[in-house]
**Student:** 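Structure below; questions to follow.
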Amino acid sequence: VMKSFRKELVFHTKQRMEFINITPQVEEALCASGIREGMCLVNAMHITASVFINDDERGLHHDMAQWLEKYAPHAPIEQYHHNDTGEDNGDAHMKRQLWGREVVVAVTEGKLDFGPWEQIFYGEFDGRRRKRVLIKIIGE
């Protein structure tokens, strides 16, 4: 019998840009779902944040933040027409476009079917306020 399970995670980051390993929370949701075979979607519910898969290595996270800042720098804020609205987060929208919205991971024998070193991360690009991530698991 096909089942569906939904859970929201809530974050309030201290920094404007942060990467948070959410793999343990996704694994907890998978366990609670009782689903053994299927798919797990994890997506940011905000247009200035991302969910992605990569290695949980501090040097890599530093490199990723620098790379994002190179291609979508926060300052000067005047470079983004979006910021003409009074916002200062035009860069965060661009960073989200570069990193993407969601990930989908196969569920096999009740576990997330990762490759070596793969972990799920929440990427925040306009933090210091309440944001949500959706976990949706479908299967049997």
**Student:** Passes side chain to side chain contact (heavy atoms under 4.5 Å, CB included), Ile22 versus Val133? Steps please.
**Tutor:** CA-CA 10 Å; Ile22 61 172; Val133 168; 4.2 Å; yes
**Student:** Might you point out which heavy atoms bring Met39 and Ala106 nearest each other, and give the distance in Å?
**Tutor:** SD-CA, 4.0 Å
**Student:** What pairs of residues pass the side chain to side chain donor-acceptor pair (under 3.5 Å) test when at least one of them lies in residues 51-61, not counting sequence neighbours?
**Tutor:** Asn21-Asp56
**Student:** Just wondering, do Tyr122 and Glu124 contact through their side chains at under 4.5 Å, heavy atoms?
**Tutor:** yes
**Student:** Same cluster or not: Val107 versus Phe5, using hydrophobic residues (I, L, V, M, F, W, Y) connected whenever any side-chain heavy atoms lie under 4.5 Å apart?
**Tutor:** yes
**Student:** Residues two or more places apart in sequence or in another chain: which of them pass side chain to side chain donor-acceptor pair (under 3.5 Å) with Thr48?
**Tutor:** Lys131
**Student:** Taking C-beta and beyond as the side chain, do Val26 and Cys40 meet within less than 4.5 Å on heavy atoms?
**Tutor:** yes
**Student:** List in chain and number order the residues that pass ring pair (Phe, Tyr, Trp, His ring centres under 6.0 Å) with Phe52, two or more places apart in sequence or in another chain; answer none if no residue qualifies.
**Tutor:** Phe19, Trp99, Phe121
**Student:** If two hydrophobic side chains count as joined below 4.5 Å and joins carry through other members, does Val103 share a cluster with Ile20?
**Tutor:** yes
**Student:** How would you list, by chain and number, every residue that makes a ring pair (Phe, Tyr, Trp, His ring centres under 6.0 Å) with Tyr71, sequence neighbours excluded?
**Tutor:** Trp67
**Student:** Identify whether Ile137 and Ile53 are in the same connected component of the hydrophobic contact network (ILVMFWY, side-chain heavy atoms under 4.5 Å).
**Tutor:** yes
**Student:** If you look at every heavy atom in Gly127 and Thr13, which pair is closest and at what distance?
**Tutor:** CA-OG1, 3.2 Å
**Student:** Transitive ILVMFWY cluster of Ile138 at side-chain heavy atoms under 4.5 Å: who else is in it?
**Tutor:** Met2
**Student:** Arg132: which residues meet the salt bridge (Lys or Arg N to Asp or Glu O under 4.0 Å) condition with it, sequence neighbours left out?
**Tutor:** Glu8
**Student:** Ser50 side chain to Gly123 main-chain N or O, any donor-acceptor pair under 3.5 Å?
**Tutor:** no
**Student:** So which heavy atom on Asn89 is nearest to which on Arg16, and how close?
**Tutor:** CA-NH2, 3.5 Å
**Student:** Is it the case that one hydrophobic cluster holds both Val42 and Phe11, taking links as side-chain heavy atoms less than 4.5 Å apart, direct or via other members?
**Tutor:** yes
**Student:** Output the distance between atom CD (Glu18) and atom CZ (Arg128), rounded to the nearest 0.5 Å.
**Tutor:** 10.0 Å
**Student:** Mind checking what makes ring pair (Phe, Tyr, Trp, His ring centres under 6.0 Å) contact with His93, not counting sequence neighbours?
**Tutor:** His82
**Student:** Who are the side chain to side chain donor-acceptor pair (under 3.5 Å) partners of Arg129, not counting sequence neighbours?
**Tutor:** Asp126
**Student:** What are the two closest heavy atoms between Gln25 and Ile135, and how far apart are they?
**Tutor:** O-CD1, 4.2 Å
**Student:** State whether the side chain of Glu118 and the backbone N or O of Gly115 hold a donor-acceptor pair below 3.5 Å, judged by distance alone.
**Tutor:** yes
**Student:** Taking only distance into account, with no hydrogens and no angle test, what donor-acceptor pairs under 3.5 Å do side-chain atoms of residues 27-36 form with protein atoms, sequence neighbours excluded?
**Tutor:**
unit_1: Ser33; atom_1: OG; unit_2: Leu30; atom_2: O; d: 2.6
unit_1: Ser33; atom_1: OG; unit_2: Ile35; atom_2: N; d: 3.0
unit_1: Arg36; atom_1: NH1; unit_2: Glu109; atom_2: O; d: 3.1
unit_1: Arg36; atom_1: NH2; unit_2: Glu109; atom_2: O; d: 3.4

**Student:** Please list, chain by chain and in numerical order, all residues satisfying side chain to side chain donor-acceptor pair (under 3.5 Å) with Asn83, sequence neighbours excluded.
**Tutor:** none
**Student:** Tell me which pairs pass salt bridge (Lys or Arg N to Asp or Glu O under 4.0 Å) where either residue lies in residues 94-108, with sequence neighbours left out.
**Tutor:** Glu69-Lys95, Asp91-Lys95
**Student:** Would you find more than 12 non-hydrogen atoms of other residues, nucleotides or ligands less than 6.0 Å from His12 atom NE2?
**Tutor:** yes
**Student:** For Tyr80, enumerate each residue passing the side chain to side chain donor-acceptor pair (under 3.5 Å) test, keeping only those at least two apart in sequence or located in another chain.
**Tutor:** none
**Student:** Treating Ile, Leu, Val, Met, Phe, Trp and Tyr as nodes and any side-chain heavy-atom pair under 4.5 angstrom as an edge, say whether Ile47 and Met45 lie in one connected cluster.
**Tutor:** no
